[in-house]
Amino acid sequence: MKRYLYDGTADGLLSAISWILQEEPEPEKVVLAEREQTLFEEGFFINTNALQAESLFSRLRHRAPDAAYTIYMFMLAEQHGMESSSLLHYVSLLFTYGDKVNGYLTHPAVRDIVSVAKKAGRELHRMKGLLRFEKLQDGAYLAKMEPDNNIIQPLANHFRTRLRAQHWFLYDVKRRVAARWSNGVLQFGTIEQFTTPALSEDEKKVQALWQTFFKTIAIPDRKNSRLQKSNMPMKYWKYLTEKQAE
Amino acid sequence: MDILAKLQILSGAARYDASCASSGSKREASSCGVGNTSQSGICHSWSDDGRCISLLKILLSNDCRYDCAYCVNRSSNLVPRASFTAREVVDLTLDFYRRNYIEGLFLSSAVMQSPDVTMERMVRVVEALRTEEQFGGYIHLKIIPGCSSELVRKAGLYADRISVNIELPSQVSLQRLAPQKSKAAILEPMKLIGQEINTSLIERSTSRRAPRFAPAGQSTQMIIGASPENDFQILRLSQGLYKKMHLKRVYYSAYVPVSEDNRLPALAAPPLLREHRLYQADWLLRFYGFTAEEILSDDLPNLDETFDPKTAWALRHPEFFPVEINRADYATLLRVPGIGVTSAKRIIAARRFSAITPEGMKKIGVVMKRAKYFITSSGRRFEKHDQTPAIISQQLLLGEARVVEPPRQLVFPGLYSCQP
Ligand code: SF4
């Protein structure tokens, strides 16, 4: 079985896949893995080529837009090191079957990619609801989060339409990545030193109102904290305004 | 009274309203305003009872003139009363929305001086949100039965969804428990809303600029267990509402004993299981192609407590099974207990590539616990032998491990008789 290596980046992975699909008659028989820099590692290293990666992705988008979105979500999970062979096989199936490929769940590679992508998608959907903004002294809004997947980009796109009239920041605390929306421009960047700015005067008052609403809306006879936790896992509570009062 | 105290009273009074859904409407944010609505519906939190919170659900006022027996807010009940001003509701909604606490507003109210006065104030809130604040979030507005049709029309222009509560499943019960309400006052606005929605859809198909009317449709709610109707009556009523009135949803709300009144049954606890079964049966009506008459009948007027309605139906119809998963069409697959909309779609997508084996069913993520008794794959059964409904239901109940073989007594005549 032939073995290829790439440098571990998303671009590297896509350029390796692009190269293999061009050069290998039977890509389903090829193994692709992340280079680990050990002395006796076997395999042929494929150089990263950002242009080639980009051109592959745009061909994928053209051929099968839904499946390309699946790949995008898969990349956000940042697990491509472990699943790189699956992605290679998935892409090769994609060129045969188009968007129908996601239905081929009996194929192990399809199942791997779809299930990782689905998890990222689920967290993205969840964060659209669970993200909490706080109003700062200067009138801007700030939301902090620690998601498992690197979802700041699609999340920011969601809020770009939803909260387009206000000035806001998203901050991924663990990855130290921030998104900023101001005057109709969305920007991304990294922040090395983060200090939480002062809150606006009425912020605590509004938070108290929300906490009150949260408590009163539950029907006491139906208390069910297990259901609550399965819908809203505790790892997200850290930044939930309504969970700070408890 | 400060706003926090009001919020406590007026959200507490609204919490028994079951409908939290905020999906089904697509509203673009205007360039200067706040918000849009999302097609799939977003939950922003889950309350201590495990229910999804997506809307700021409040009453404009709980100061009621009416005296419905089943309601905490009825005029004869001694509870603290409060009313919001329009401005207060507008500010609360915007403050919550900008912090991403909510998808939007769900506004209902007790009947203040009159239905018209109440409805007018409610409409004023949403009018201010939409026109002065350019609010693009979701709005669900309750219609107060008995208000003018002019107000109903206005409500539908500003709200995404409007609803009139049907309250109780029959006219007789309504008269007994909510004497100030009448069936006519409830059904009339429902019909009007249905017509307006239709007209708007037709007009919008020819002109994009025609106004939208309640783009997320209308829904209703009824209280379960406060009156003597059986499940068959209730399901037939819902079926009629879906078919004739084109409602999007009927919500069922288990009666929570909030007041002592000899017109009401004495319940130890709200009938939650019954509510749950009704929701399951309701799904069968809306998405699975069942009719109320298939699920229940005059001889079998109430839903099974042990089995969900689909399993109960399957056990009564052994002639329909087994279903061959590699050939059956979508509608047939949906009739198999344990196979829902997602699983049925996955089966159809996967068998394009190759026939699905029992192993394959697991791989594509179909839960086999119940389904395995009712299907074959390429002619092969998943369970060893033919099974009667009685044995299947026993196995479903006990789980496989504990199924006892029916005791088979071997009798050797004479074996014991010769013993002394
Ligand atoms: S009209 Fe509404 S709020 Fe008033 S008593 Fe009846 S159900 Fe309760």
Side-chain angles (χ1 to χ4, degrees), chain A residues 93 97 100-108 110-111 115 125-126 128-135 141 143 158-166 168 184 202-203 205-210 212-232 240-243, chain B residues 3-4 7-9 11-12 14-16 28-36 38 40 42-54 56-58 92 95-103 134 136-137 256 269-270 272 345-346 348-354 356-357 359-360 363-365:
Chain A
L93 289 167
Y97 297 114
K100 288 200 191 80
V101 67
N102 281 357
Y104 199 174
L105 287 175
T106 44
H107 195 290
V110 177
R111 207 166 63 243
S115 77
H125 185 74
R126 225 175 217 158
K128 285 180 186 173
L130 294 181
L131 203 71
R132 294 287 177 269
F133 288 89
E134 293 183 303
K135 192 176 179 187
Y141 291 77
H158 168 77
F159 285 104
R160 163 153 86 172
T161 41
R162 170 152 301 201
L163 302 177
R164 68 173 72 170
Q166 70 204 53
W168 50 254
D202 61 345
E203 181 55 28
K205 237 172 42 204
V206 177
Q207 293 190 0
L209 286 169
W210 172 242
T212 301
F213 175 78
F214 179 78
K215 242 180 268 150
T216 356
I217 200 69
I219 298 178
D221 297 354
R222 292 193 179 189
K223 202 168 160 54
N224 189 343
S225 55
R226 254 189 50 207
L227 183 60
Q228 182 187 39
K229 281 176 195 153
S230 84
N231 283 321
M232 188 166 72
L240 281 181
T241 314
E242 58 271 36
K243 284 292 172 190
Chain B
I3 180 112
L4 200 111
L7 181 63
Q8 203 149 23
I9 293 172
S11 66
R15 71 180 161 217
Y16 294 103
E28 296 296 322
S30 59
S31 56
C32 48
V34 206
N36 57 2
S38 152
S40 58
I42 293 175
C43 287
H44 286 253
S45 194
W46 280 267
S47 56
D48 290 337
D49 53 16
R51 290 186 305 165
C52 156
I53 299 179
S54 76
L56 168 61
K57 195 196 292 182
I58 46 173
L92 262 180
D95 279 341
F96 282 10
Y97 195 88
R98 289 188 176 122
R99 287 163 179 78
N100 202 39
Y101 300 163
I102 52 168
E103 280 299 283
Q134 265 83 46
V256 181
L272 294 181
K345 284 188 181 148
R346 283 195 195 159
I348 288 179
R351 71 188 186 193
R352 284 202 191 104
F353 299 93
S354 61
I356 305 175
T357 59
E359 261 305 290
K363 282 189 189 150
I364 61 177

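Letters A, B, ... mirror the listed sequences (proteins, then strands); counts begin at 1.
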Student: Are the aromatic rings of A/Phe213 and B/Tyr101 close, with centres under 6.0 Å apart?
Tutor: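 That pair fails the under 6.0 Å test.
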Student: Given a strict heavy-atom distance threshold of 4.5 Å, which part of A/Ala143 is in contact with chain B: side chain, backbone, both, or neither?
Tutor: neither
Student: For chain A, which candidate among B/Ile9, B/Leu56, B/Thr357, B/Ile356 shows the most heavy-atom pairs at distances under 4.5 Å?
Tutor: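 Going by pairs under 4.5 Å, I would pick B/Leu56.
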Student: Please find the pair of heavy atoms, one from A/Ala218 and one from B/Asp48, that lie closest to each other, and give the distance.
Tutor: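 Looks like CB-N, 3.8 Å.
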Student: Quick one: are A/Arg162 and B/Glu103 in side-chain contact, heavy atoms under 4.5 Å?
Tutor: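 Side-chain contact under 4.5 Å: yes.
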Student: Give me the atom names and distance for the closest heavy-atom approach of A/Ile219 to B/Arg15.
Tutor: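 Smallest interatomic distance, heavy atoms only, reads CD1-O, 3.8 Å.
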Student: Give a yes or no on whether the backbone of B/Asn100 and the side-chain of A/Arg132 come within a donor-acceptor separation of less than 3.5 Å.
Tutor: yes
Student: Go through the atoms of B/Arg352 and report whether side chain, backbone, both or neither lie under 4.5 Å from a heavy atom of chain A.
Tutor: side chain
Student: For chain A, which candidate among B/Cys43, B/Ser354, B/Gly365, B/Ser47 shows the most heavy-atom pairs at distances under 4.5 Å?
Tutor: B/Ser47
Student: Quick check against the 3.5 Å criterion: does A/Glu242 have a side-chain atom that pairs as donor or acceptor with the backbone of B/Ser45?
Tutor: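 Absent.
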Student: Chain A heavy atoms under 4.5 Å from B/Leu92: which part of the residue, side chain, backbone, both or neither?
Tutor: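 Interface part for B/Leu92: side chain.
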Student: Can you name the nearest heavy-atom pair linking B/His44 to A/Leu130, along with the distance?
Tutor: O-CD2, 3.3 Å
Student: To the nearest 0.5 Å, what is the distance between CD (A/Glu203) and CG (B/Asp95)?
Tutor: 9.0 Å
Student: Contact part of A/Ser115 toward chain B, heavy-atom cut-off under 4.5 Å: side chain, backbone, both or neither?
Tutor: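 Contact with chain B involves no heavy atom of A/Ser115 at all.
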